[in-house]
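Count residues from 1 along the sequence. Keep in mind that this is a model prediction, so the values were computed, not measured.
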Amino acid sequence: MNLARLFAYAVIPSRTKPVTPPVEGGPIRVDSTLRALVSESIDSANFPARSSVALLLDPTTRRSPIRDAVLEIAFGTAAGAETASRQLATSLSASMDQRSLACLFIVATLAEDDRRMVTLWTFPRDQAFRFASERGTHAIEVLNDVFSRTSHLRKAALLQGRNLRSEFTTGRVLDFQAGKATDAVANYWTSTFLKCTLAITSDTGTRLLARTLGRAYTACASPADHEQLFGAVIAVRVAQRQRWSLGDFAEEYLGSDARKEFLRAVPNEETLASPFDLNRPLFDQLLHFRIFRLDTGVYVSSPPSEIGRSVRLTDGDNPRLACEGRVVSEKLKIRHA
């Protein structure tokens, strides 16, 4: 990809100030040196190994302030891209308080055919020494207006794709500070500025949903709550919607104590909001049952190994089911994986 646009802004933290001051900066003329530096920075960031994130979008319009700005920077006019990049720099300033260092904010757009890659960077302000020696005279000059390219306080994000409704919704984030004890400081880049959440893979999210359901089912004492959890399992398996989070599932299907126990079984708030695509075959495998709905409104679940044994199913156009066994407990069984 070729470096097509480059913007840079000096950003001062202003979250605790009554007014966010204007940021200084704008478009930068691209030359061979900057092309090489941007390429080197992208390579050293190793984005494929970094955290995958999903932008928090309006479910109807698929829009968010960050996505709108990045699309304008990637595909808009030169004037529109400059306005959008300045808006991002201003938003970054408003996301940072005095515990964060002033930084250089760089926005780079790379293009190839109809695809674009937008990278966002912060490089913290630092002090540097300039040493000069000439004719036996030596001097050290302290430079204050410099920014570190290699500091562990630097941050970056990458979003890429085509100008389509379904793209530029996920990305990769480099943030060495994320997840540390001082969350308000460490996580401003991902949560406050980018307004995104960690994305998890389809298999990981599906396993987590199955495990959380199992724990909630075990914790619930009421038959009504068991029925509600069981009904939620039925519903999510046949829902047209493919992309879920644990929070979405609880909001859509659960109430009262069932919802409380389900949310209690979720590892943390970050996991609760992380979206994933439900892998239905894996979901069935993990919960390890076949489900039958009878014309009486009764649902019957059975391990596949019991079909033909304690659970008997007749053949034909109108199959009938019969099952027999001694009740020993009530528990939603999952297979650990």
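The hydrophobic cluster containing M1 also contains L3, counting ILVMFWY residues as joined when their side-chain heavy atoms lie under 4.5 angstrom apart, directly or transitively. Following chains of ILVMFWY side-chain contacts shorter than 4.5 Å, one cannot reach W121 starting from V146, and the two form parts of different hydrophobic clusters. By the criterion of side-chain heavy atoms lying less than 4.5 angstrom apart, applied directly or through intervening Ile, Leu, Val, Met, Phe, Trp or Tyr residues, F75 is grouped together with L57 in one hydrophobic cluster. By the rule that hydrophobic residues join a cluster once side-chain heavy atoms approach within less than 4.5 Å of another member, Y188 and L101 end up as members of separate clusters. Connection of M117 to V30 is established within a shared hydrophobic cluster, with ILVMFWY side chains joined at heavy-atom distances below 4.5 Å, either directly or through further cluster members.
No side-chain heavy atom of N163 sits less than 4.5 Å from a side-chain heavy atom of D114. Two residues are said to be in side-chain contact when any heavy atoms from C-beta on lie closer than 4.5 Å; K195 and R67 fail this criterion. At a threshold of 4.5 Å between non-hydrogen side-chain atoms, the residues R116 and R5 do not count as touching. Put simply, the side chain of V233 reaches to within 4.5 Å of the side chain of F283, judged on heavy atoms. Looking only at side-chain heavy atoms (C-beta outward), C103 and L92 come within less than 4.5 Å of each other. Residues L110 and S39 form no side-chain contact, since every pair of their non-hydrogen atoms from C-beta on lies 4.5 Å or further apart. Between V70 and L55, every side-chain heavy-atom pair lies at or beyond the 4.5 Å cut-off. Contact of the F129 side chain with the V142 side chain is registered, since non-hydrogen atoms from C-beta on lie closer than 4.5 Å.
Of the possible donor and acceptor atoms, none in the side chain of E82 sits under 3.5 Å from a partner among the backbone N and O of P27. Side-chain atoms of T119 never come within 3.5 Å of backbone atoms of L158 as a donor-acceptor pair (strictly under, hydrogens ignored). A donor-acceptor distance shorter than 3.5 angstrom exists from the side chain of E167 to the backbone of R162, with no hydrogens or angles considered. Side chain of S202 to main chain of D277: a donor-acceptor pair is present (N/O by atom type, distance under 3.5 Å, no hydrogens or angles). Panel note: side chain T77, backbone G80; a donor-acceptor pair is recorded below 3.5 Å. With W189 contributing its side chain and A156 its backbone, the two residues share a donor-acceptor pair below 3.5 Å. Under a 3.5 Å cut-off, the side chain of T90 and the backbone N or O of R86 do form a donor-acceptor pair. A distance-only check finds no donor-acceptor pair linking the side chain of T20 to the backbone of A94 [under 3.5 Å]. Between the side chain of D58 and the backbone N or O of T60 there is at least one donor-acceptor pair closer than 3.5 Å. Without hydrogens or angle criteria, S310 side chain to G325 main chain gives no donor-acceptor distance under 3.5 Å.
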Using the rule given for side chain to side chain contact (heavy atoms under 4.5 Å, CB included), can you reason through C196 versus T190, listing the C-alpha separation, both sets of side-chain angles and the distance that settles it, and then say yes or no? CA-CA 6 Å; C196 60; T190 299; 3.6 Å; yes
When you look at L213 and F249, which way does the side chain to side chain contact (heavy atoms under 4.5 Å, CB included) test go after all the steps? CA-CA 10 Å; L213 277 165; F249 178 87; 3.8 Å; yes
Report the C-alpha separation of K17 and I12 in whole Å, then their side-chain angles, then the decisive distance to 0.1 Å, and conclude whether the side chain to side chain contact (heavy atoms under 4.5 Å, CB included) test is met. CA-CA 11 Å; K17 296 180 180 180; I12 299 173; 4.2 Å; yes
Verdict with reasoning, R280 to Q242, per side chain to side chain donor-acceptor pair (under 3.5 Å): CA-CA 9 Å; R280 288 183 173 85; Q242 179 68 23; 2.7 Å; yes
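Sorted by first and then second residue, the ring pair (Phe, Tyr, Trp, His ring centres under 6.0 Å) pairs with a member in residues 48-70 form an empty list; sequence neighbours excluded.
Taking a 6.0 Å sphere around CD of E227, one finds it holds 12 or fewer heavy atoms contributed by other residues, nucleotides or ligands. Heavy-atom neighbours of R312 CZ from other residues, nucleotides or ligands within 6.0 Å: above the threshold of 12.
Under the ring pair (Phe, Tyr, Trp, His ring centres under 6.0 Å) criterion, F276 pairs with no residue, sequence neighbours left out. Not a single ring pair (Phe, Tyr, Trp, His ring centres under 6.0 Å) links H138 to another residue, sequence neighbours left out.
In plain terms, the two heavy atoms of L278 and L209 that are nearest each other are CD1-CD2, 4.0 Å. Listed here is the closest heavy atom pair of I73 and A84: CG1-CB, 3.8 Å. Closest approach of C220 and A258 over heavy atoms only: SG-CA, 3.8 Å. Scanning all heavy atoms of the two residues, the minimum distance from S64 to L56 falls at CB-O, 3.5 Å. The shortest non-hydrogen separation linking T314 to P319 is O-CB, 3.1 Å. Across L34 and R29, no two heavy atoms sit closer than the pair CD1-O, 3.4 Å.
With respect to the salt-bridge test (charged N to carboxylate O, under 4.0 angstrom), the residues K155 and D175 qualify. For R215 and E261, the salt-bridge test fails: no basic side-chain N is under 4.0 Å from an acidic carboxylate O.
Interatomic distance, R154 CZ to L104 CG, rounded to the nearest 0.5 Å: 13.5 Å. Taken to the nearest 0.5 Å, the OG1 atom of T109 stands 9.0 Å off from the CG atom of L120. Taken to the nearest 0.5 Å, the OG1 atom of T206 stands 5.5 Å off from the CG atom of L282.
Ring geometry for F176 against H152 counts as parallel: the plane angle stays under 30°, on a 0 to 90° scale with 60° as the upper cut. Ring geometry for H226 against Y217 counts as parallel: the plane angle stays under 30°, on a 0 to 90° scale with 60° as the upper cut.
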